Amino acid sequence: MTLDFSLDAEQLALREQARQFADTVLTGVEPAIAPHSQPADRFYAIEPFYRQMAEAGFVKALIPAEYGGGKFTSLQFVLAVEEIARVDVNVASAILGTGLGLHPIVHFGTEEQKQRWLPAFCGSEPKLAAIAYTEVTGGANYDSPDPKVGIQTFARIEGDEIVLNGAKHYTTNGSGFDGRGADLISVVCRTDPALPPQESLAIVVVERGTPGVEITGMLDTIGHRATNSPRVEFHDVRVPLANMIGGPGDGMEMVKTAFTWTCAPIGAACVGRMRAAFDYAYEFARTDSRSGPHPVIEYQNAGYMLADIKIRIEATRYLSWKAADHFDRTGGKDRELANITKIYASERSVDVVYDAMRLVGVDAYTTETPIAGIMQDVLCFPVYDGGNMGVRRRHLHEMLMEPSYDPLASAENRLATGA
């Protein structure tokens, strides 16, 4: 018996489809967003590309077949994301944001809730979903047992209605493509300010057009230039009690599971961005002599740098594949390998792109090459989706302290801990 890292015909076809889509469609994203100075306008400019991704089946890939979709496994997503992010990270982020918004419904919703919301995302008109998770004061302490801190967006239950009040930012896709809100926002909130999140954390679905939802600002980021990062405020927003996924306290597991799902695709996006930097640096080294007698690649230090870059890309790719496969095998219940992948891939991507920049030289710090833009993109990966310091502290460190922790479990596709 052997371990087989070869891709089957279906996986190869999916990767090739994603590669062709990126090369023929997503190469148009950069020129489409370049004229726009405002972050909202850049996001609105990617709507045609998001629409084409939806038509190609990438939104349906988030949704089970029984609701009109064609759900990808985590491994399938990883294969596609690497090829897409190699060319553009913005549209991929919009798809990932929709996936996060739908994730609580897909995995924790009732049959009625799934039938109510999921089929609409499989129709001819592409829709956006979002998860409103991060408080304006930060989101790392969402699970703090002290009810005075952490999540301060509250869902007051009044009879058969929920009244939401609070403010969020970094709500990817939250503005919609017209500034009037995403089609669906899954709001992470608490049902009682006196109770800790273990008893009160909940997710409530708010649909587009619900009174009281306001887009009050848009964060501008140095990378991911067309990724939507709005501030969304909820002022006495009333929705039916049936819009709560699960019950108070269930939000803890939903949040953890949703952000575990994103880890392997983020690893793949890091690989895609690293590949883009390597491809440019490799071609530069092969063809440019920098006024010297030989192409740059003939010098040992340049060859060694390219070799080190390639080693890190390969290692990160296979770790992402492993994490995705492990997620599929364990149903996402084991979080160790996912979090390791997010940390390792994001930090290696910064190392790799910096080395590509050093190899190319000062031109890589200008708009004359794509590398500076790639660096702006990869700098985001270690600090978003909880941030690597928070992931180390709140996930891996806590897991390591569990008496039941098994350090070999993830290597054997078993649960690392019962926690």
Side-chain angles (χ1 to χ4, degrees), residues 5-8 10-23 25-26 29 53 56-59 61-62 71-100 103 172 223-224 227 258-279 309-329 332 335-353 374 377-386 388 391 410:
F5 282 87
S6 61
L7 302 179
D8 62 27
E10 182 180 356
Q11 291 165 333
L12 288 169
L14 172 62
R15 188 172 68 174
E16 183 59 27
Q17 178 195 4
R19 181 180 298 159
Q20 290 184 9
F21 183 88
D23 288 338
V25 176
L26 296 182
V29 172
M53 281 203 76
F58 289 103
V59 175
L62 301 165
K71 197 172 190 312
F72 280 4
T73 65
S74 181
L75 183 56
Q76 286 175 309
F77 250 112
V78 159
L79 295 174
V81 166
E82 179 184 332
E83 296 301 329
I84 289 167
R86 173 181 55 86
V87 174
D88 169 67
V89 77
N90 298 288
V91 186
S93 295
I95 296 290
L96 198 68
T98 291
L100 276 171
H103 199 276
T172 303
H224 295 242
T227 297
F259 286 105
T260 299
W261 169 70
T262 63
C263 287
I266 288 171
C270 292
V271 175
R273 293 277 76 196
M274 285 191 279
R275 278 178 58 192
F278 172 81
D279 289 348
I309 289 171
K310 189 62 167 58
I311 288 167
R312 283 173 282 178
I313 290 173
E314 293 297 321
T316 307
R317 173 184 294 117
Y318 299 132
L319 182 59
S320 299
W321 286 12
K322 168 66 174 175
D325 180 68
H326 188 64
F327 184 94
D328 291 332
R329 289 175 182 269
R335 300 184 174 95
E336 180 182 37
L337 198 55
N339 289 313
I340 286 172
T341 299
K342 196 273 179 178
I343 292 170
Y344 182 84
S346 60
E347 294 177 4
R348 291 299 72 71
S349 69
V350 175
D351 295 342
V352 160
V353 178
I374 297 169
D377 283 342
V378 299
L379 285 171
C380 177
F381 292 131
V383 295
Y384 83 159
D385 260 32
N388 287 358
V391 172
S410 60

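In this chain, numbering begins with 1 at the start of the sequence shown. Quantities reported herein were computed from a predicted structural model and do not represent experimental measurements.
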Hey, are Asp325 and Lys322 close enough for a salt bridge, meaning a charged N less than 4.0 Å from a carboxylate O? no

Kindly indicate, with the supporting measurements, whether the criterion side chain to side chain contact (heavy atoms under 4.5 Å, CB included) is fulfilled by Leu96 and Trp261. CA-CA 10 Å; Leu96 198 68; Trp261 169 70; 3.8 Å; yes

Nearest 0.5 Å, please: how far is OG1 in Thr262 from NE2 in His103? 8.5 Å

Heavy atoms, side chains only, cut-off 4.5 Å: are Val78 and Thr73 in contact? no

Is there side-chain contact between Thr98 and Phe58, with at least one heavy-atom pair below 4.5 Å? no

Residues Ser74 and Asp328: closest non-hydrogen pair is N-OD1, 2.9 Å

Val378 vs Cys270 side-chain heavy atoms within contact, under 4.5 Å: no

A side-chain contact here means heavy atoms from C-beta on lying under 4.5 Å apart; do Asn90 and His224 qualify? yes

Which pair of heavy atoms, one from Val87 and one from Asp23, lies closest together, and at what distance? CG2-OD1, 3.8 Å

Is the backbone N or O of Ala268 less than 3.5 Å from a side-chain atom of Arg317, with the two atoms forming a donor-acceptor pair by type? no

Pairing of Glu83 and Arg275 as salt bridge, 4.0 angstrom limit: yes

Full working for side chain to side chain contact (heavy atoms under 4.5 Å, CB included) between Phe327 and Thr260: CA-CA 8 Å; Phe327 184 94; Thr260 299; 3.9 Å; yes

Roughly how far, to the nearest 0.5 Å, is the OG atom of Ser6 from the CD atom of Gln11? 8.5 Å

After noting the C-alpha distance and the side-chain angles of Leu337 and Leu319, does the key distance pass the side chain to side chain contact (heavy atoms under 4.5 Å, CB included) rule? CA-CA 9 Å; Leu337 198 55; Leu319 182 59; 4.1 Å; yes

Please report the interatomic distance OG1(Thr172) to CG(Asp385), rounded to the nearest 0.5 Å. 8.0 Å

Provide the closest heavy-atom pair for Ser346 versus Asn388 in the form atom of the first, atom of the second, distance. OG-ND2, 2.8 Å

Would you mind checking if Glu314 and Lys310 are paired as a salt bridge, meaning a charged N to carboxylate O distance below 4.0 Å? yes

Is the backbone N or O of Gly223 less than 3.5 Å from a side-chain atom of Asp377, with the two atoms forming a donor-acceptor pair by type? no

Correct closest heavy-atom pair for Leu62 and Ile95 would be CD1-O, 3.9 Å

For a quick test of reading the model, state the closest non-hydrogen atom pair linking Leu100 to Ala258 and the distance between them. CD2-O, 3.6 Å

Starting at CD1 of Ile266, measure out to CD1 of Ile343 and round the result to the nearest 0.5 Å. 11.5 Å

Can you check whether Phe381 reaches Arg273 side chain to side chain, under 4.5 Å on heavy atoms? yes

Apply the test side chain to side chain contact (heavy atoms under 4.5 Å, CB included) to residues Val91 and Ile84: give CA-CA distance (whole Å), side-chain angles for both, the deciding distance (0.1 Å), then the verdict. CA-CA 9 Å; Val91 186; Ile84 289 167; 5.8 Å; no

Check whether any side-chain heavy atom of Ser410 sits under 4.5 Å from a side-chain heavy atom of His326, and report yes or no. yes

Nearest 0.5 angstrom please: Leu79 CG to Phe72 CZ, how far? 9.5 Å

What I'd like to find out is whether the side chain of Met53 reaches to under 4.5 Å of the side chain of Val59, using heavy atoms alone. no

Beyond-backbone contact of Glu82 with Arg15, side-chain heavy atoms, under 4.5 angstrom: no

Shortest non-hydrogen separation from Ala277 to Ile374 and the atoms involved: N-CD1, 3.7 Å

Just how far is it from atom CH2 of Trp321 to atom CG of Leu7, taken to the nearest 0.5 Å? 4.0 Å

